[in-house]
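Contents: one structure, followed by commentary.
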Amino acid sequence: MKRRMAKRFMALIMVLGLLTSLLPNFASAAEADYSSLLVGPGKRPSQAGALSLKVVNGQKTLVDKNGQPIQLRGMSTHGLQWFPEILNENVFSALSNDWGSNLIRLAMYVGEGGYASDPKVMKQRVIDGIELAKANDMYVIVDWHVHAPGDPNADVYKGALNFFKEISSLYPNDPHIIYELANEPSSNSNDGPGLTNNAEGWAKVKSYAEPIIKMLRDNRNQNIVIVGSPNWSQRADLAADNPIDDPNTMYTVHFYTGSHPAASDSSNRENVMSNARYALEKGQAVFATEWGTSEANGNNGPYLEEANQWINFLNENNISWANWSLTNKNETSAAFTPFQLGKTEATDLDPGADQVWAPKELSLSGEYVRARIKGVSYEPIDRTKYSKVLFDFNESTQGFGVNGDSPVKDVTLKNVDGTLQISGLSESSDVTADNYWANVRLSADNWSESVDVLGAQELSMEVIVDKPTTVSVAAIPQGPSAGWANPTRAIQVNEEDFVKFGDQYKAVLTITKEDAPSLATIAESPDNNKLENLILFVGAENTDIISLDNITVTGKEVEIEVINDPEGAATLPSTFEDDTRQGWKWSGDSGVKTALTIEEANGSKALSWEFGYPDVKPTDNWASAPRIDFWLEDLKRGDNEYVAFDLYLDPTRATEGGISINLVFQPESLGFWQQSAETFDIDLTALDSTEKTADGLYHYEVKIDVTNLENVKADTALRNMLLIFADDNSDFAGRMFVDNVRFNKASDPDTGEEDEETPAQPGTGEDEGDLPAQPGEGEEDTPIKPGAGDDNTSNDLLNGEGSREDLEAKPVKNSDKAGEKLPNTATNSFNILLFGGIVLLLGAGAYFYVRRKHNLEQE
């Protein structure tokens, strides 16, 4: 008995010990709310004045005119050569007043169609941005956007000193202005030299920056200066080991929360946050002039929990920041809703006269960052809800008239003050729920439009009267999937529902899909969700005239699954005869992502998709472009001179404009972007003279030169190939087919047979080998085509110790990185301990149960 009691006592001690070991983790879990995540808006130039650097509590930091710490928080523009419309009063007012920004960054690219191509225009855009920032009480970063090539000493950047001299002469010692001398020094050798990710690379950046800083100081400009560091401004540690001798110079830190994990100390030179901590400990000040919620290629995510860790770090160390970027480009890091075929229209970068972007005009990233700038809790909106105005009656009755079967005929409809006025209702006065048949029957028989109402739940309308009364309406929406279905009941608004509306009164009447079964039929149809007509039974009590306005459908967006044919093994030439896509897929930032299928074209199997360019054109003419992406291990051009393929068009509409086909490779060694200067252009107005196949398709033999790609040699590892079908002000809608994609020599016949130098071996899509020590940045892959915008597709990143996984095939999250993990959060460590504790307890319980049973049997 004593022995049994001793064992029970020991079991109790073990349980208590396990529970005790968990207690610190319960306490830690409560601290996961990040004490510095929410910080109130920072001071503005009108309050804070000229900025400088000062050591406060042992750390060098940004301070205001009174020597008090100040944090700047705001947004960066995208390239001003691509998105100049961002420079307007409505934008800057919205950022300052609605977002609470006290900072904006003007990203003036130098290469890639920027300042070096048109100094006069680009300089004026910067000046316009400075004036708008000053007028809206914001600090402004003038960003000399070193990007491609990556060495700020390259010839394309030779105008830097004169540019900063001119701006500082126009705005001498202006307290609003911060000068950023080199956005992202890197190994990017596109259009010129890159630089190394080491002390030697930093020495080159330093030697470039020092004469500019000296010029500014000699001319009595004491403005804050920010200098980038190697490896896309991720090596502030290198600058801290060899700093510039200037009291008001800071160093950049750039990060993307899906690629650059947090760090708790300064020991890891392959971690961006660790490098920033190192610089702070070495007595230098840092400024996050660019960061995003995506992976560093601009796509996937947004990674908001990781963003919380970074924002908490920045705020607790008084590090100022600007988020990338103010654009509606189709990438996760963009602040505004992009164009996506069949899903969303691109947000207008001008918010309009009210100087506010509506919540749904913001992307998830923009919604999150706005909250972080304001310093308030982030509460995401429900993006599954939608609302569409069917009839606004702004100019006409929009096809409404008295239905031929109406029991009440003597009713007049006309447009009055932008509403549908209905007069003669003295004979249409039944306001009960069931006897709507006695009332006038209206229908939009002459409405020439149709609206997709997939997921619709309610139909609402504004009812306007001279005096509050009771109005009753029953509805039958109609479309190809729903003809006539009796309403379940009529819906009423009563006297108490009306509110004053000018000289009249207004109420909102709402009909659900339960009230109007045909609305449910159309909204839930698997085949056709078009609403093409609306029948209304209208009754009114004690009045002869009412008006209706803004008949609106609201509902929940339904995500329709896109089913692609099998991807298969990456194979070049790509003939698609095995009924797979042979490695081709949509690029992450493609504006079109309809089903990729294998279809017959001209007697052969081809990769195919259906789409249409939008009527309202996005600013970026690549935003609505189908972009197909192909990854093949050891992809090289050899001694080939062209990429060639057969293109077939089956248009349902094609009467104007054209299609411009662009070719891009993304070699790691050359800055992740090599775009052919040549495009293949299709004139849709000349279809009548185009070859037509026996099956009625328009056929084009596409060839695009690959010998004009700068620095691309026969044995350069190209990594992946992008084909981009850009909209050239066209109205194309229909189906495309691509077949026989291959490398060709000029002398080769266009047979589609493989070149001897290009083996048709299956590829894995994975690119192996050693890479630079840290990943590139969120705007790393940039097309040279003016107006195309920064293209970040597939800008692959490092996984810690020099290994990288194919981001397109397998998105990398921080926890997946080889050799580099996020520090255990309180929740993670608690879960591990809790699981371990449960296992131990169960094991201990099982052990003592078996022992006890054994002892009882012995007794």
Answer with yes or no whether the side chains of [Y] and [X] bring together a donor and an acceptor at under 3.5 Å.
X	Y	value
N550	T552	no
Q309	Y303	no
S274	N271	no
T61	N318	yes
R372	N323	no
R105	S76	yes
Y368	N308	yes
T347	E361	no
D382	T384	yes
S294	T332	no
Q234	H254	no
S266	E281	yes
S52	N248	no
Y171	E131	yes

Quiz prompt | Electrostatic pair E367:R383 at N-O distance under 4.0 angstrom | solution = yes
Exercise. Return the orientation label for the W324 and H78 ring planes: parallel under 30°, perpendicular over 60°, tilted otherwise.
Key: tilted
Quiz item: What do the steps show when you test D98 against R370 for salt bridge (charged side-chain N to carboxylate O under 4.0 Å, His left out), and what is the final call?
Solution: CA-CA 9 Å; D98 181 54; R370 176 180 175 270; 3.0 Å; yes
Which residues share a side chain to side chain donor-acceptor pair (under 3.5 Å) with [X], sequence neighbours left out:
X	result
Y179	none
N173	none
D128	Q124

Quiz item: Which pairs, with at least one residue in residues 112-143 and sequence neighbours excluded, count as a ring-ring contact (aromatic ring centres under 6.0 Å, His included)?
Solution: Y115-W144, Y115-F163
Quiz item: So, do F255 and H260 have ring centers that fall under 6.0 Å from each other?
Solution: no
Exercise. Please report the closest heavy-atom contact between T289 and I226, naming both atoms and the distance.
Key: CG2-CD1, 3.7 Å
Quiz item: Does the side chain of I141 reach to within under 4.5 Å of the side chain of E180, using non-hydrogen atoms?
Solution: yes
Quiz prompt | Test item: V140 and M138 side chains (from C-beta on) under 4.5 Å apart, heavy atoms | solution = no
Practice problem: Count the heavy atoms belonging to other residues, nucleotides or ligands that lie under 6.0 Å from CG of N66, then report whether that count exceeds 12. | Solution: yes
Quiz prompt | Heavy atoms from other residues, nucleotides or ligands near NZ of K165 exceed 12 (cutoff 6.0 Å) | solution = no
Quiz item: How many angstroms lie between atom CG of D237 and atom CG of L280, to the nearest 0.5 angstrom?
Solution: 11.5 Å
Quiz prompt | Steps toward side-chain hydrogen bond (donor to acceptor under 3.5 Å, both in side chains) verdict (D350, N90) | solution = CA-CA 6 Å; D350 184 340; N90 292 335; 3.0 Å; yes
Quiz item: Looking at residues at least two apart in the chain, or sitting in another chain, which of them share a ring-ring contact (aromatic ring centres under 6.0 Å, His included) with Y613?
Solution: F611
Quiz item: Partners of K593 by salt bridge (charged side-chain N to carboxylate O under 4.0 Å, His left out), sequence neighbours excluded?
Solution: none
